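All remarks here apply to the structure that follows.
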Amino acid sequence: MLDDKIMVSDALTGVNGELVRYGEMISQTENKELKQCLKQIRNQCEMSQEKLYQVAREKSYYVPAAKASQQEIDHVKSVLSGLAAK
C-alpha cells in the first residue's frame, strides 16, 4: 500500500522530469507557436511542482539540505573560476 509520502515523492519526481523534458523541447523547436505553447505548459508544470513541494515541506516529507556556509560558497566559486580560466 502506498502512503502519502511515497505518492508525493513520486509525483515530485515525475513533475521534475517533465520540467527537464519541456526545457529540452523548448530549446530545440524552431516553431514559435509551438515554443510558446510549450512554455505555457512548462509554467503550469512549475506551478504544480511548487504546490507539491509546499505540501512535502508542510508534512515534513521533504527537508531541504542545510544552507552552505560562506566558506563552502567561496570554495565552489574558486573551483568554478579556475575552470573558467582554463
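The structure presented is a predicted model; accordingly, all values stated were derived computationally and were not measured. No hydrogens, no waters, no symmetry mates; every other heavy atom, side chains included, goes into these values.
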Next on the checklist: Going by side chain to side chain donor-acceptor pair (under 3.5 Å), name the residues that satisfy it together with E58, two or more places apart in sequence or in a different chain.
Outcome noted: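 Result, side chain to side chain donor-acceptor pair (under 3.5 Å) vs E58: none returned.
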
Checklist entry - Got a sec, which residues hit side chain to side chain donor-acceptor pair (under 3.5 Å) with E72, two or more places apart in sequence or on another chain? => result S69

Checklist entry - Should side-chain heavy atoms under 4.5 Å link Ile, Leu, Val, Met, Phe, Trp and Tyr, which residues sit in the same cluster as M25? => result Y22, I26, L34, L38, I41

Next on the checklist: Does anything in residues 44-57 form a side-chain hydrogen bond (donor to acceptor under 3.5 Å, both in side chains)? List the pairs, not counting sequence neighbours.
Outcome noted: N16-Q49, E50-Q54, Y53-R57

Item to check | Pairs where residues 27-41 contributes a residue and the test side-chain hydrogen bond (donor to acceptor under 3.5 Å, both in side chains) is met, not counting sequence neighbours | outcome: none

Checklist entry - Restricting to pairs with a member in residues 26-49, which pass ring pair (Phe, Tyr, Trp, His ring centres under 6.0 Å), not counting sequence neighbours? => result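 Not a single pair qualifies under ring pair (Phe, Tyr, Trp, His ring centres under 6.0 Å).
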
Checklist entry - Under 3.5 Å, side chain of S81 to main-chain N/O of K77, donor-acceptor pair present? => result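 Looks like yes, one N/O pair under 3.5 Å.
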
Checklist entry - How far does CZ of R21 sit from CG of L19, to the nearest 0.5 angstrom? => result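 If we round to the nearest 0.5 Å, R21:CZ and L19:CG are 9.5 Å apart.
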
Checklist entry - Rounded to the nearest 0.5 Å, how far apart are CG of D3 and OG of S9? => result 10.0 Å

Checklist entry - Side chains of L12 and V15: does their closest heavy-atom pair fall under 4.5 Å? => result no

